[in-house]
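Note that the numbering runs from 1 along the sequence shown for the chain.
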Amino acid sequence: MSIWDRLGDFIARISASAANSVADVVEAVRTVFSGDAETRRRVAFSVAMIALSAKMAKADGVVSQAEVRAFYEIFAVPPEHARDVARLYDIAQQDVAGFEYYAERMAKLCGSGHANCGMLEDILDGLFHIAKADGMMHQCEGSFLHRVSEIFRIEEAHYQTIVARHLDLGEADPYRVLGIERGKSFEDVRKHYRKLVANNHPDKLIARGLPEEFIRIATTRIAAINAAYEIIERGLRHA
């Protein structure tokens with residue numbers, strides 16, 4: 001059964017119980033999937049992405065068509081489940097709770113409890129993809145993402161690496177994209193690069209809870225890592 005079927009069943013249940021807040025949704029995820037940890041992780045990730053996307057759109061005040069397209073690039077929602085996603089999106093947008101409260105609850109639901117949690121980084125990457133879809137990062141979106149990263153316990157240096165991955169490489173420092181200091185030998189850079197590629201392989205991300213349907217997040221991250229490495233490699237080989 002796909003993540004959309006699972007999510008559809010879940011949203012049907014919370015709709016029947018008139019759930020209308022993040023607390024209701026989080027508790028429902030824990031209850032409905034209490035005996036299936038793997039499905040719970042995947043549904044929790046999906047719920048977090050949809051809910052925080054809705055909160056980011058509300059913080060921005062304007063939802064562009066480019067952002068809508070980016071949302072569906074990540075989600076690739078089957079037509080028969082579009083209403084389910086819209087229902088959860090509306091719950092988050094209409095909930096009076098602020099985005100910080102949502103981020104805190106989603107961090108507890110999805111996170112490992114440790115700094116720089118991989119699954120929370122996956123969520124943040126998805127939000128970045130949506131925020132930059134209209135060709136620029138608005139100040140309110142940047143503030144939203146930075147505050148979410150703080151709540152997610154993404155360390156500042158690591159957050160800057162995430163930011164750099166989403167910049168045009170004409171602007172971004174390729175060393176920052178890879179999260180490695182300048183001055184390292186080519187061999188050290190290559191080892192670090194290979195470790196990043198291995199750690200961000202789609203199979204690895206799926207194993208920690210990223211649903212297969214959201215693998216676009218993994219592929220865009222790997223593309224940024226590869227592009228940064230190529231720039232560094234050219235520079236070091238010709239130095």
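- Note: Tyr193 and Tyr229 have parallel aromatic rings, judged against thresholds of 30 and 60 degrees for the angle between ring planes.
- With Glu38 as reference, Arg42 is the one residue of Arg42, Arg41, Arg40 to meet the salt bridge (charged side-chain N to carboxylate O under 4.0 Å, His left out) rule.
- Within a 6.0 Å sphere centred on CZ of Arg176, other residues, nucleotides and ligands contribute 12 heavy atoms or fewer.
- Considering all non-hydrogen atoms of both residues, Tyr89 and Ala57 come closest at OH-CB, 3.3 Å.
- Dense packing is recorded around CD of Glu150, with more than 12 heavy atoms of other residues, nucleotides or ligands lying under 6.0 Å away.
- Contact of the Arg221 side chain with the Ile225 side chain is registered, since non-hydrogen atoms from C-beta on lie closer than 4.5 Å.
- The line from CG of Leu145 to NE2 of His166 is 9.0 Å long, rounded to the nearest 0.5 Å.
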- Message: Pair Asn116, Glu121 - check side-chain contact (heavy atoms from CB on, under 4.5 Å), show working.
- Response: CA-CA 7 Å; Asn116 299 328; Glu121 182 179 348; 5.7 Å; no
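- For Glu187, the CD atom is densely surrounded, since the number of other residues' heavy atoms within 6.0 Å is greater than 12.
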- Message: Using side-chain contact (heavy atoms from CB on, under 4.5 Å), reason through Ile11 and His81 one step at a time and then give a plain yes or no.
- Response: CA-CA 10 Å; Ile11 293 172; His81 291 294; over 6 Å; no
- Message: Before you tell me yes or no, could you show the steps for Ile217 and Phe45 under side-chain contact (heavy atoms from CB on, under 4.5 Å), namely the whole-Å CA-CA distance, both residues' side-chain angles and the distance that decides it to 0.1 Å?
- Response: CA-CA 12 Å; Ile217 292 171; Phe45 175 90; 3.8 Å; yes
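- Nearest heavy atom pair, residue Ala48 against residue Cys110, reads CB-SG, 3.9 Å.
- The aromatic rings of Phe33 and Phe10 lie tilted to each other, with the angle between the two planes from 30° to 60°.
- In this structure, CD on Gln93 lies 10.0 Å from OG on Ser53, to the nearest 0.5 angstrom.
- Taken from CD1 in Ile123 to CG in Leu127, the straight-line distance is 7.5 Å, to the nearest 0.5 Å.
- A salt bridge does not link Lys55 with Asp95: every distance from a Lys NZ or Arg NE/NH1/NH2 to an Asp or Glu carboxylate oxygen is 4.0 Å or more.
- The two atoms that bring Ile180 and Asp188 nearest to each other are CD1-O, 4.1 Å, heavy atoms only.
- Smallest separation of non-hydrogen atoms from Leu178 and Val189: CD1-CG1, 4.4 Å.
- Nearest heavy atoms, Val177 versus Ala224: CG1-O, 3.7 Å.
- Residues Val29 and Ala44 come closest through the heavy atom pair CG1-CB, 4.3 Å.
- Dense packing is recorded around CZ of Arg30, with more than 12 heavy atoms of other residues, nucleotides or ligands lying under 6.0 Å away.
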- Message: Is there a side-chain contact (heavy atoms from CB on, under 4.5 Å) between Asp24 and Ile91? Walk through the geometry before answering.
- Response: CA-CA 10 Å; Asp24 296 333; Ile91 288 174; over 6 Å; no
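- Side-chain contact, Glu156 with His146: a donor N or O sits under 3.5 Å from an acceptor N or O.
- Residues that satisfy the side chain to side chain donor-acceptor pair (under 3.5 Å) test with Glu80, not counting sequence neighbours, are absent from this structure.
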